[in-house]
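Proteins come first, then strands; the chains are lettered A, B, ... in the order of their sequence lines, and each starts at number 1.
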Amino acid sequence: MPEGHTLHRLAAQINTVFAGHPWRVSSPQGRFSAGAERLDGQVPQHAEAWGKHLFVHLGPAVWQVHLGLYGAFSFRGDADFAAEATIGAPRAAAVTFEPTYDDDGWLIPEPPKGAVRARVSARHGWADLRGPTTCAVLDPTEYQAVIDRLGPDPLRQVMPGQGESGPQLPAQTDAELRATFLHNLSRRRISIAAALMDQAVIAGVGNIYRAESLFLERLDPYTPSNQLDPERAAALWDRLTEQLRDGVDEGRIRTVRTRGPRRHWVYKHQGTPCQRCGAVIEAAELVGRRLYWCPGCQRD
DNA sequence: CATCGATGTTTAA
DNA sequence: TAAACCTCGATGC
């Protein structure tokens, strides 16, 4: 699930169902008990995503979640909640039992199943967080330190002269973010494939978007980042922006835009013919992750 | 029922 | 470079 698109959907979902009202927070599993106590009864004011990080602001405190490889939120609630949560973050569902409510009129949730790191509850429903790599309460200094290490996120751009990209952050346009991306690439000698996985270069790209964007741009994944033609690097940024936006819209990564079951051009298609040139798609290990590409059409 | 692998990152060596 | 983190669906026997 979790490349950047997932976190932006989650932020939107949390804003829809939780923001502006006091919530209840607990840690059924126990590993987030102290943090849950600090958040319990507070008002979540605004959720935002930056790359693969989710931040929920509650006054000066910030709840930070990073899903890592297999973390996930699940949303459940009564019919009102399910109707409201139509964005459909990963694993949204209406409860199947007949809902009952406590003395304050809050839905009584199901007992947690498995290892639930954090449970956040609203009046009509709740969300369970499992398996995150990070779940922490930050003060403003710590929050700043996290975002200082993140490169531009294509999903955080604003129209020129418009809006806000975060509570205390300067809003940047597409052109400004793209320029930062090009600058970051120009300062690294690692391959473009390695650079796309570096969240300080561009935030929100993971292994699937890496493979699929390089394929569509016909880029050799082993080209050194600082030798990439600036125009092709700009086109790569634009391609990733388009792909991430599609991911937000659809709730899943589908880079093959034609109808049919096939979702990816090269990701996990090693050993089969390229749909564009017929060469056999390859896979190789690169800095600890599997890289997929077509040696036929991804060449300089 | 056991094992493996995954859309990720940090830390240690 | 490897291990650790810690969850779950897919696969194999």
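Across the protein-nucleic acid pair, A/K113 atom NZ and C/dT7 atom P stand 16 Å apart, rounded to whole Å. Between the CG atom of A/L10 and the P atom of B/dT7 there is a distance of 19 Å, rounded to whole Å. A straight line from CG of A/L240 to C1' of B/dT7 spans 14 Å, rounded to a whole angstrom. One can place CG of A/L214 at 15 Å from P of B/dT7, the figure rounded to the nearest angstrom. For the pair A/L67 CG and B/dT9 P, the computed distance is 11 Å after rounding to whole Å. Residue A/L7 contributes atom CG, which lies 13 Å from atom C1' of B/dT9 at whole-angstrom precision. Per the geometry, CD belonging to A/Q199 stands 9 Å off P belonging to B/dT10, to the nearest Å. One can place CG of A/D198 at 9 Å from P of B/dT9, the figure rounded to the nearest angstrom.
Using a 4.0 Å heavy-atom distance criterion, A/E212 is classed as making no nucleic acid contact. When heavy atoms are screened at a 4.0 angstrom cut-off, A/R252 is found touching no nucleic acid atom at all. A/R263 comes within 4.0 angstrom of no nucleic acid atom, judged by non-hydrogen atoms across all strands.
Residue A/K52 places no side-chain N or O under 4.0 Å from the OP1 or OP2 atom of B/dT7.
Between A/F55 and A/H46, the ring center distance fails the sub-6.0 Å criterion. Residues A/H264 and A/Y292 place their aromatic rings such that the two centres sit no closer than 6.0 Å.
For the P atoms, the distance from B/dA6 to C/dA2 is 16 Å, rounded to whole Å. Taking atom C1' on both B/dT10 and C/dC8, the two are 22 Å apart, rounded to the nearest angstrom. Nucleotides B/dT7 and C/dT1 have their C1' atoms positioned 22 Å apart, rounded to a whole Å.
Between the side chain of A/R149 and the backbone N or O of A/A200, no donor-acceptor pair lies under 3.5 Å.
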Grab the N/O contacts between the protein and nucleotides 3-6 of chain B below 3.5 Å, and write none if there aren't any.
residue, atom, partner, partner atom, Å
B/dA6, O3', A/Y267, OH, 3.3

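Comparing C/dT7, B/dT7, B/dG8 by their closest approach to the side chain of A/H66 singles out B/dG8. For A/I253, whose side chain is taken as the heavy atoms from C-beta onward, the closest listed nucleotide among B/dG8, C/dT7, B/dT7 is B/dT7. Of the listed nucleotides (B/dT10, B/dT7, B/dT9), B/dT7 has the atom at the smallest distance from the side chain of A/P2. Proximity note for A/T133 (side chain, C-beta onward) versus B/dT10, C/dC5, C/dT7: the nearest is C/dC5.
A side-chain N or O of A/H8 and one of A/D153 form a donor-acceptor pair less than 3.5 Å apart. Side-chain N/O atoms of A/W293 and A/D220 include no donor and acceptor closer than 3.5 Å. Side-chain contact check for A/E84 and A/H124: no donor-acceptor pair (N or O, by modelled atom type) lies under 3.5 Å.
A/D246 has a carboxylate O that lies under 4.0 Å from a charged side-chain N of A/R257, or vice versa, which qualifies the two as a salt bridge. With salt bridges taken as basic N to acidic carboxylate O contacts below 4.0 Å, none links A/R245 and A/D249. Ion pair A/E48/A/R156 flagged as a salt bridge, since at least one NZ, NE, NH1 or NH2 atom sits closer than 4.0 Å to an Asp/Glu carboxylate oxygen.
For the pair A/R24 and A/W106, the cation sits on the ring face: its NZ or CZ lies under 6.0 Å from the ring centre, inside 45° of the axis.
Stem analysis of DNA chain B (Watson-Crick or G-U pairs, both distances under 3.5 Å, runs of at least three) returns B:1-6 with C:7-12, B:8-12 with C:1-5.
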